[in-house]
Engineer: 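My questions will all concern the structure given below.
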Number of protein chains: 2
Amino acid sequence: MTLQNIQDDLSAADTLEPRAKLFRGLGDPSRLAILDALLSDERSVQEIVTQTGLGQPNVSNHLRCLLDCGLVSRRNEGRFVRYRLADRRIADLIRDADQLLASTAVGVDACRSYTG
Amino acid sequence: MTLQNIQDDLSAADTLEPRAKLFRGLGDPSRLAILDALLSDERSVQEIVTQTGLGQPNVSNHLRCLLDCGLVSRRNEGRFVRYRLADRRIADLIRDADQLLASTAVGVDACRSYTG
DNA sequence: CTAACGTATCAGTGGATAATGATATGACAT
DNA sequence: ATGTCATATCATTATCCACTGATACGTTAG
């Protein structure tokens with residue numbers, strides 16, 4: 001085993017799980033729809049429910065997930081709660097993914113391992 | 001509903017599923033470990049098995065998934081099969097994710113929705 | 001031809017999780 | 001105080017998917 005491999009393994013041990021978790025956070029159509037709704041502006045839960053067509057408890061669940069992950073932040077306003085993206089780089093990450101998907105090489109549909 | 005929302009919905013309908021699928025492809029520790037092994041160089045299945053500690057059928061399964069998705073490409077060499085990243089931007093995406101995780105705000109561990 | 005090796009496929013299994021309906025919590029208005 | 005609205009939580013269910021062991025396929029060596 002080379003030094004390079006050792007370094008890879010060391011860094012992998014520490015960063016693999018969080019990395020996977022971040023990508024999994026982004027790897028659900030419902031959560032992506034929610035993030036999409038937040039791309040342009042801050043939104044209340046109701047607005048997100050309307051825009052995404054998802055059920056309200058479902059949206060709340062995913063928002064909790066996204067909040068715990070630190071991907072969104074919230075702000076109370078009376079009985080409304082307004083959510084927004086926690087970091088610009090999240091939008092960047094999504095855009096980069098779209099660019100990658102626009103490449104001819106990357107054709108995710110063909111993957112039979114999961115139905116997505 | 002504003003024009004902006006309509007545009008969001010239209011783009012979402014087309015790109016949400018593939019996007020989610022791409023992120024899910026990246027959202028598994030085993031697949032990330034495999035991609036990690038390929039970051040620095042081309043590798044045979046055996047080498048990946050050794051470096052990741054995963055089972056051989058398991059690695060083959062994930063490689064098939066990654067291949068179908070277009071995230072890796074393969075090359076036959078005798079009875080060996082050597083895999084490599086299909087696109088530099090995949091490594092970029094992973095690095096960007098790591099940078100995001102280095103931020104204080106994004107702390108994925110706290111997410112209780114999935115154990116990952 | 002046959003043995004040995006590298007890789008891929010398959011079926012079975014356990015564990016994880018997204019969605020739903022019911023319900024709880026909290027805030028505002030009258 | 002009470003009703004109403006916005007949001008969050010909970011339990012249930014049904015589905016999905018990663019892993020394993022056995023095995024098949026393909027290639028090289030002897």
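Below, each value reflects all heavy atoms present in this structure, side chains not excepted, and no hydrogens, waters or symmetry copies. The sequence lines fix the lettering, A, B, ..., with proteins before strands; numbering per chain opens at 1.
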Engineer: Please round to the nearest 0.5 Å and tell me the distance separating atom CD of Glu47(A) and atom CZ of Arg82(A).
Structural biologist: 5.5 Å
Engineer: Tell me the interatomic distance from Lys21(B), atom NZ, to dC16(D), atom C1', rounded to whole angstroms.
Structural biologist: 13 Å
Engineer: So Asp28(A), base contact, sugar-phosphate only, or nothing? Heavy-atom distance under 4.0 Å.
Structural biologist: sugar-phosphate
Engineer: When the distance from CD of Glu77(A) to P of dA6(D) is rounded to whole Å, what number comes out?
Structural biologist: 13 Å
Engineer: Pairs in or reaching into residues 58-67 of chain A: which pass salt bridge (Lys or Arg N to Asp or Glu O under 4.0 Å), with residues at least two apart or in two chains?
Structural biologist: Arg64(A)-Asp68(A)
Engineer: Let me spell it out: for each of Gly78(A) and Gly55(A), pick the nucleotide of DNA chain C with the closest heavy atom. Which residue's pick is nearer the 5' end?
Structural biologist: Gly55(A)
Engineer: Find the distance Leu54(A):CG to dA18(C):P and express it as a whole number of Å.
Structural biologist: 12 Å
Engineer: Between protein and nucleotides 6-13 of chain C, what N or O pairs are separated by less than 3.5 Å?
Structural biologist:
residue : atom : partner  : partner atom : Å
dT7(C)  : OP1  : Val45(B) : N            : 3.4
dT7(C)  : OP1  : Val81(B) : N            : 3.2
dT7(C)  : OP2  : Gln46(B) : N            : 2.9
dA8(C)  : OP1  : Arg74(B) : NH1          : 3.3
dA8(C)  : OP1  : Tyr83(B) : OH           : 2.6
dA8(C)  : OP2  : Ser60(B) : OG           : 3.0
dA8(C)  : N7   : Gln56(B) : NE2          : 2.8
dA8(C)  : N6   : Gln56(B) : OE1          : 3.2
dT9(C)  : OP1  : Arg64(B) : NH1          : 3.2
dT9(C)  : OP2  : Arg64(B) : NH1          : 3.2

Engineer: Is Asp92(B) paired with Arg95(B) through a side-chain N to carboxylate O contact shorter than 4.0 Å?
Structural biologist: yes
Engineer: Is the phosphate of dT17(C), meaning OP1 or OP2, less than 4.0 Å from a side-chain N or O of His62(A)?
Structural biologist: no
Engineer: Asn61(A): what forms a side-chain contact (heavy atoms from CB on, under 4.5 Å) with it, not counting sequence neighbours?
Structural biologist: none
Engineer: I need the CG-P distance between Asp68(B) and dC17(D), as an integer number of Å.
Structural biologist: 14 Å
Engineer: Would you mind reading off the distance between Arg24(A) atom CZ and dG15(C) atom P, rounded to a whole angstrom?
Structural biologist: 16 Å
Engineer: Is it true that Arg19(A) and Asp36(B) have a side-chain N and a carboxylate O under 4.0 angstrom from each other?
Structural biologist: yes
Engineer: Could you tell me whether the phosphate oxygens of dA18(C), OP1 or OP2, come under 4.0 Å of any side-chain nitrogen or oxygen in Ser113(B)?
Structural biologist: no
Engineer: Examine distances only and state if a side-chain atom of Arg43(A) and a backbone atom of Ala37(A) form a donor-acceptor pair shorter than 3.5 Å.
Structural biologist: yes
